[in-house]
Amino acid sequence: MENLNVLFVASECTPFAKTGGLGDVVGVLPKYLKKMGYNVKVVIPRYYSIDKNFLDKLPDPLGVPMGIIGELWCGVYRTTLPNSDVEIFFIDYENFFGRKDLYNYEDGTGYIDNDNRFIFLSKASLQLSKRLNFRPDIIHINDWHTSMIPHMLKTYYKHDEHFSDTKVVLTIHNMQYQGVFYSGCMDVLGSWEYYFDYEFNGKVNFLKGGIYLSDMITTVSEGYAREIQTPEFAYGLEGVVRDRSSNLFGILNGVDYDEWDPETDKFIPKNYSINDLSGKNVCKLELQRRFGLPERDVPIFGVISRLVHQKGIDILAEAIYKILSLDIQFVLLGNGEPWAHFFFGKIAYDNPDKFGCFIGYDNKLAHLIEAGSDFFVMPSRFEPCGLNQMYSLKYGTPPIVHAVGGLNDTVDNFDEVSGSGTGFKFYGLNAQNLFNTIGWATYSYYNLKSNLEKLRRNGMEKYFTWDDAAKKYIDVYRMAKGIKGKFS
Ligand code: ADP
Ligand code: GLC
């Protein structure tokens with residue numbers, strides 16, 4: 001197979017910095033590309049939370065031309081992705097990245113200089129690839145944060161030999177966040193060329209330009225690839241996506257089963273597998289203890305989520321009083337919009353025997369919830385892929401999902417007569433439909449035990465591998481480079 005150089009640039013990467021699934025993907029996909037023989041390097045910012053002491057520092061500082069701002073100089077750190085020899089580089093610039101959160105102030109609004117921060121990351125990654133003498137065949141960019149890279153290649157680096165064979169592949173993980181800024185940021189890019197590819201109601205939309213100027217575009221499920229061509233899911237960019245639809249592909253994310261497998265999970269009190277599910281009960285008891293819930297045999301519904309509009313948290317809030325009228329328990333782990341912190345905190349306070357809640361980010365607890373719950377709830381308004389429902393399938397915790405995007409693609413609805421399917425789906429996002437479906441699952445728990453058991457096992461047998469996804473990405477890279485032949 002050809003030996004391509006791939007530069008992966010993103011705003012987060014597990015286990016170094018993560019706010020959601022984007023970090024998970026960036027932490028794993030490069031390893032699989034490497035396994036298939038590609039040379040891959042990853043670049044992300046060195047956020048304040050990433051401890052420099054575990055990293056190697058490159059000897060010389062890196063100069064980053066920032067248009068009207070002038071040249072800024074940053075440090076670069078290096079290590080490898082865990083259990084691999086894929087190199088990851090961290091752009092270290094205190095003024096931009098030395099902050100508590102990755103993107104937002106504490107009240108949830110984006111940092112005022114997010115345009116400059118991510119123009120800087122993008123430019124620095126290109127400068128770094130030159131410094132390392134790593135000529136990328138493919139630059140794989142992710143979401144709006146790095147969508148200015150094709151602009152830079154077409155302007156500042158237009159005549160640069162180093163990038164003469166470089167193609168750009170953009171992966172859209174979320175269409176709602178587009179990076180819309182005051183158009184003066186074109187001056188920081190140092191060129192107003194291609195402005196109209198980025199222009200959006202008089203402002204600059206990073207993602208729009210990324211979609212227009214990248215060679216290939218992917219998104220993280222086939223369903224979402226169709227949905228973002230419609231106004232309901234594209235947040236104003238449906239026309240742009242349709243214009244590029246012949247170069248758009250849906251590639252479902254895989255699961256990192258080294259991290260998410262109840263048979264080997266280090267974070268749960270007892271491991272279990274499809275052949276012996278007894279450990280799942282131990283996890284359930286531990287979950288009840290963890291949240292101070294009575295140790296009774298009732299179905300537990302779990303949620304792990306960013307508490308934001310995308311995740312249908314407002315719909316859950318509307319339905320929760322009725323949901324709690326059922327003989328069930330409910331646990332929620334998440335953080336996000338402040339109203340949701342107060343709201344669910346109060347629900348927990350008022351219903352100590354039924355509702356447990358932890359506001360914050362806790363990976364270990366996330367594992368326990370996947371293992372100890374009987375059902376996993378995801379009422380997302382839209383979901384490009386969604387990882388938690390795939391994890392919950394593996395943990396024998398059937399997901400209850402709004403049938404959109406990746407949720408619709410990865411979950412098959414329960415047939416209560418035959419026991420086929422892997423979870424519970426509902427169509428039309430509203431509190432009544434969510435309540436009805438949770439009611440259906442509750443009824444199944446008490447009255448359809450053997451078919452529910454089949455459902456649980458069907459889900460545990462599902463396997464969403466990164467091997468498959470990586471092969472499909474390689475097909476897309478090949479298309480971008482004009483190499484003949486399909487790999488997947
Ligand atoms: P998104 O990226 O839109 O948030 P995904 O389902 O793709 O949704 O990925 C979410 C990831 O973040 C999962 O790995 C999930 O376990 C994790 N996660 C989300 N919120 C929390 C939290 N509060 N604590 C621990 N893990 C969380
Ligand atoms: C985004 C999406 C989520 C997806 C993740 C990784 O954060 O909201 O659905 O799983 O990216 O691609």
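Whatever order the structure lists them in is the order used to number ligands and atoms, beginning at 1. Note that the coordinates shown come from a computational prediction; the quantities given were computed from them, not determined experimentally. For the numbers below, each heavy atom of this structure counts, side chains included, while hydrogens, waters and symmetry mates do not.
- Residue-level proximity to ligand 2 for L22 is carried by the backbone, the only part with a heavy atom below 4.0 angstrom.
- Only the side chain of K18 comes within 4.0 Å of ligand 1, counting heavy atoms alone; its backbone N, CA, C and O stay farther away.
- Under 4.0 angstrom from ligand 1, there are no non-hydrogen atoms of L365.
- Numbered from 1 in the order shown, with element, the atoms of ligand 1 that lie under 4.0 Å from a heavy atom of G360 read 22 (C), 23 (N).
- Inspection of the H341 and N335 side chains reveals no N or O donor paired with an N or O acceptor under 3.5 Å.
- Under 4.0 angstrom from ligand 1, the non-hydrogen atoms of N388 come from both its backbone and its side chain.
- Looking at E263 and Y257, their side chains never bring a donor and an acceptor atom within 3.5 Å of each other.
- Counting only non-hydrogen atoms, the option in Y361, F358, Y391 that gets closest to atom 18 (N) of ligand 1 is Y361.
- Atoms of ligand 2 lying under 4.0 Å from any heavy atom of Q310, numbered from 1 in the order shown and given with element: 8 (O).
- For atom 3 (C) of ligand 2, the nearest protein heavy atom (residue, atom name, distance) is E383 OE2, 3.3 Å.
- Atoms of ligand 2 lying under 4.0 Å from at least one heavy atom of G386, given by number and element, are 3 (C), 4 (C), 9 (O), 10 (O).
- Residue, atom and distance of the protein heavy atom nearest to atom 2 (C) of ligand 2 are H173 O, 3.1 Å.
- Of all the listed residues (K311, M378, Q176, Q389), K311 holds the heavy atom that lies closest to atom 3 (O) of ligand 1.
- Taking a cut-off of under 4.0 Å to the non-hydrogen atoms of V25, the atoms of ligand 2 that pass are 6 (C), 12 (O).
- Under 4.0 Å from ligand 2, the heavy atoms of N253 that appear belong solely to its side chain.
- Only the backbone of S305 comes within 4.0 Å of ligand 1, judged by heavy-atom distances.
- The ring of Y235 has its center closer than 6.0 angstrom to the ring center of F382.
- Here's the thing with R306: one of its N/O atoms is less than 3.5 angstrom from an N/O atom of ligand 1.
- Side chain to side chain, Q310 and N174 meet the donor-acceptor criterion of an N or O pair below 3.5 Å.
- When heavy-atom distances to ligand 1 are checked against a 4.0 Å cut-off, H173 has no atom that comes that close, whether in backbone or side chain.
- Under the 30°/60° scheme for interplanar angles, the aromatic rings of Y473 and H140 are found to be tilted.
- Of the N or O atoms in V220, none lie within a sub-3.5 Å distance of an N or O in ligand 2.
- Each of the atoms 5 (C), 6 (C) of ligand 2 lies under 4.0 Å from some heavy atom of G21.
- Contact atoms of ligand 1 toward G21: 1 (P), 2 (O), 7 (O), 9 (O), 10 (C), 11 (C) (distance under 4.0 Å to a heavy atom of the residue).
- Closest heavy-atom approach to atom 14 (O) of ligand 1 within the set V255, D24, L387, L333: this belongs to D24.
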